[in-house]
There are 2 protein chains.
Amino acid sequence: MKKKSIKDIAQDLGLSKTTVSFVLNNKGDEKNISSKTQKRVLDYIREVNYQPNQIAKSLKKGNTNTIGYLVPDISNPFFAKIGRLLEDHFWEKGYHLLIGSTDENKDKEEQVLNMFVNRQVDALIVASCFIQGDSIKSLLAANFPLVFFDREDPDVEANYILVENKISMKNAVEKSIQNGARKLGLISLTPDVYSLKNRIEGYKMALINKDIGFDQDLIRIVDNNDLKQGTERELRKLIELGVDTIVFTNNQIAVIAIWLMNTFYKDKVNSIKFVSFDNVDQFDYSLPKVISVAQPIDKIAKYSTEIIEDILNSKKSENKRIELTPKLIERK
Amino acid sequence: MKKKSIKDIAQDLGLSKTTVSFVLNNKGDEKNISSKTQKRVLDYIREVNYQPNQIAKSLKKGNTNTIGYLVPDISNPFFAKIGRLLEDHFWEKGYHLLIGSTDENKDKEEQVLNMFVNRQVDALIVASCFIQGDSIKSLLAANFPLVFFDREDPDVEANYILVENKISMKNAVEKSIQNGARKLGLISLTPDVYSLKNRIEGYKMALINKDIGFDQDLIRIVDNNDLKQGTERELRKLIELGVDTIVFTNNQIAVIAIWLMNTFYKDKVNSIKFVSFDNVDQFDYSLPKVISVAQPIDKIAKYSTEIIEDILNSKKSENKRIELTPKLIERK
DNA sequence: GTGAAAGCGCTAACAG
DNA sequence: CTGTTAGCGCTTTCAC
């Protein structure tokens, strides 16, 4: 049994496509379709299990009820959880999520964005590695519904959902100093994103503030394409240099480092402390102990949804920049 | 500057839509379009940054290059990681992932499936909670490209990517008995899915096999809607009953239990051992020690992709049932 | 109350 | 070598 279209329904029932379409879109009353006809249509579509072709509808109406969700890696718990919350929020409103991971690769990001545009997504929620990219520029120029989160480029006017990177990192590091830290190293992904830059700034501020002073040699950078080995190398380096605390600018590296510590430096898991931006469940019961900065995932999702919906509903579009306060989590 | 369509391009260049379309689809040579014309078109589309409307194309061609990925929860690392691998595999082939989470809810599952069908996805990859559902039945009846993973219903003929649930659980439990376990409890989600049933079977088999015998009272079930509290309650119960080992049928509950142990039963994290189906990174360095059954995530993704591609390319469709062998991971 | 017809942007058979 | 045209399934204006 082939799939029925509106045309088929109309023919089978001896009606016109128009009438059927009106009924299907709950415009029966408004258009004065007799309730008898309406019932006939409704009963029939149930009987044959009619499924409207969303593609045709999209082509006609010019919207797809689809939101593109662009992130470095959908399997990173931070992005996965936000994705799930977005999915839930948008589900209510009839929007669905198309996903794309970029691995922080600018070319891939361009391609994914193009793909989203070609597919006529209605809006984009983006943790971009390259906000200055061509695609993004033209989207912004065209006033396309778009919100960035987790990443910022101060040179680019847009909607941003961010957290207070600098101050929270500063607080976290100061807390660890209060707890006794004296020689603090840092490991970060290449900070070509402002969030990471600011987190590193926060670390420096804390050290200066607490009269420890920072040593450029204790700031170690790991390349994105070399995560595992890079982290291993830099971790070893810091341990050799005799740090008592290691600060991480995001969960990814911290998680790898915890694994490394438990695998290769078992003797040091109690003497070395960690500080990490982002929070993951396992910090609660793993060693080394970690002071973490938990981003308010639910709020990030909530505000993203709200901004997008506002734009979609009313076309108003002064850009918003929302900066959320993360939660400092200390573990005994 | 409004978005250009093929029609605009054709007009601007004084050509017909056909010619432009042919060039755009690399059929220029095949259709004997002069290389001069081809170059004109190519140059022009670059200049105006033409983006083809994928929706229109989809409507015409009847395929959307979209794959629906239906899982209980996209933020569960198991499903997130597989999702990421699928995304990568399909990216190469020009397919993209539309996601839907069901929370193991039958109604939600039906709705998501309908959504996927309305949107004309070309294929589905599904970890379903209810393979006997109406939507799935009619998809299967219509020979829709579809592969199930992680879940099975032996009464339903279809493509399945599974793992050896029973035997691997048996092996894992026997291993823990070899290591000294004598009183083993089990906590599971409601086993209305065959995989879970089989995992529980494997647990029973091991106990019988090793002359321990199983006690129905040590098998505790947690409802999906009550994960946290349910797990807490059942964990407490088992501890009261004096088990030395707790077996979990999936990662979700095991992860919660690890957290609970470290929070409320710190004194017991060394005396009690865990066995868990699924593997997550944190098992490597958390207490209690866990013997885990690691599903071959990469193979699950690979075979899913292959089956789908085979169907999409050649329309052949004898159903496949692939049963993969998980890896037993023991931790000292 | 209901229907005819145009058109969303694209493809592809067919015509020249 | 290039253009005309029909049509994918749907919405919606206008007409009866």
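Order of the sequence lines sets the chain letters (A, B, ...), proteins ahead of strands, with each chain counted from 1.
Counting to the nearest Å, the P atom of C/dG3 and the CD1 atom of A/I33 are 8 Å from each other. Distance, A/R40 CZ to C/dT2 C1': 12 Å, rounded to whole Å. A/K4 has its NZ atom 18 Å from the C1' atom of D/dC8, to the nearest Å. Taking atom CD on A/Q54 and atom C1' on D/dC8, their separation rounds to 15 Å, with Å as the unit. Summarising the geometry, the separation between NZ on B/K7 and P on D/dT5 is reported as 14 Å, rounded to the nearest angstrom. Distance, A/I6 CD1 to C/dG3 C1': 14 Å, rounded to whole Å. One can place CD of B/Q11 at 18 Å from P of D/dT2, the figure rounded to the nearest angstrom. When the P atom of C/dT11 is taken as reference, atom CG of B/N26 falls 12 Å away, rounded to whole Å.
When heavy atoms are screened at a 4.0 angstrom cut-off, A/G28 is found touching no nucleic acid atom at all. Among the heavy atoms of the strands, none lies under 4.0 Å from A/K36. Nucleic acid contact class of A/L15 (heavy atoms, under 4.0 Å, all strands): sugar-phosphate only. A/L59 comes within 4.0 angstrom of a base, heavy atoms only. Across all strands shown, A/S34 has heavy atoms under 4.0 Å from sugar-phosphate atoms exclusively, and none from any base. B/S58 comes within 4.0 angstrom of no nucleic acid atom, judged by non-hydrogen atoms across all strands.
The listed nucleotides are D/dG9, D/dT2, C/dT11; the one nearest the side chain of B/K60 is C/dT11. Ranking D/dT12, D/dC10, C/dG9 by closeness to the B/A56 side chain, first place goes to C/dG9. Distance from the side chain of B/K61 is smallest for C/dA12 among the nucleotides D/dT12, C/dA12, C/dC10. For A/N53, counting side-chain heavy atoms from C-beta on, the closest listed nucleotide (D/dG9, C/dA12, D/dT11) is D/dG9.
Taking for each of A/K31 and B/S16 the nucleotide of DNA chain D with the nearest heavy atom, the 5'-most of the two is the partner of B/S16. Along DNA chain D, the nucleotide nearest A/I55 and the nucleotide nearest A/T18 are compared for position; the residue whose nucleotide lies closer to the 5' end is A/I55.
Relative orientation of the A/H96 and A/W91 rings is perpendicular, given thresholds of 30° and 60° on the angle between their planes. Below 30°, between 30° and 60°, or above 60°: for A/Y160 and A/F148 the angle between ring planes is below 30°, a parallel geometry.
Both the sub-6.0 Å distance and the 45° axial angle are not jointly satisfied by B/K4 relative to the ring of B/Y50.
Applying the 4.0 Å criterion to OP1 and OP2 of C/dC10, one finds that B/K17 has every side-chain N and O outside that range. Proximity of B/S21 to the phosphate of C/dA12: no side-chain N or O atom is located under 4.0 Å from OP1 or OP2. Checking the phosphate oxygens (OP1, OP2) of D/dG9, no side-chain nitrogen or oxygen of A/Y50 falls inside 4.0 Å. For C/dT2, neither phosphate oxygen OP1 nor OP2 lies less than 4.0 angstrom from any side-chain nitrogen or oxygen of A/T19. Contact check, A/N25 against D/dT11: a side-chain N or O comes under 4.0 Å of OP1 or OP2.
The two residues B/F79 and B/I74 come nearest to each other via the heavy atoms O-CD1, 4.2 Å. Heavy atoms only, all atoms of each residue included: B/N53 and B/A56 are closest at OD1-N, 3.0 Å.
In the helix from C/dG1-D/dC16 to C/dG16-D/dC1, the terminal helix axes, each the rotation mapping four pairs' C1' atoms onto the next four within five end pairs, subtend 50°, rounded to 10°.
A 4.5 Å side-chain heavy-atom check between B/N65 and B/N63 finds at least one atom pair inside the cut-off. Residues B/L97 and B/F90 meet the side-chain proximity criterion, which asks for heavy atoms closer than 4.5 Å.
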Before you tell me yes or no, could you show the steps for A/D103 and A/K108 under salt bridge (Lys or Arg N to Asp or Glu O under 4.0 Å), namely the whole-Å CA-CA distance, both residues' side-chain angles and the distance that decides it to 0.1 Å?
CA-CA 8 Å; A/D103 278 325; A/K108 180 84 190 287; 5.6 Å; no
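Taken to the nearest 0.5 Å, the CD atom of B/Q54 stands 12.0 Å off from the OG atom of A/S58.
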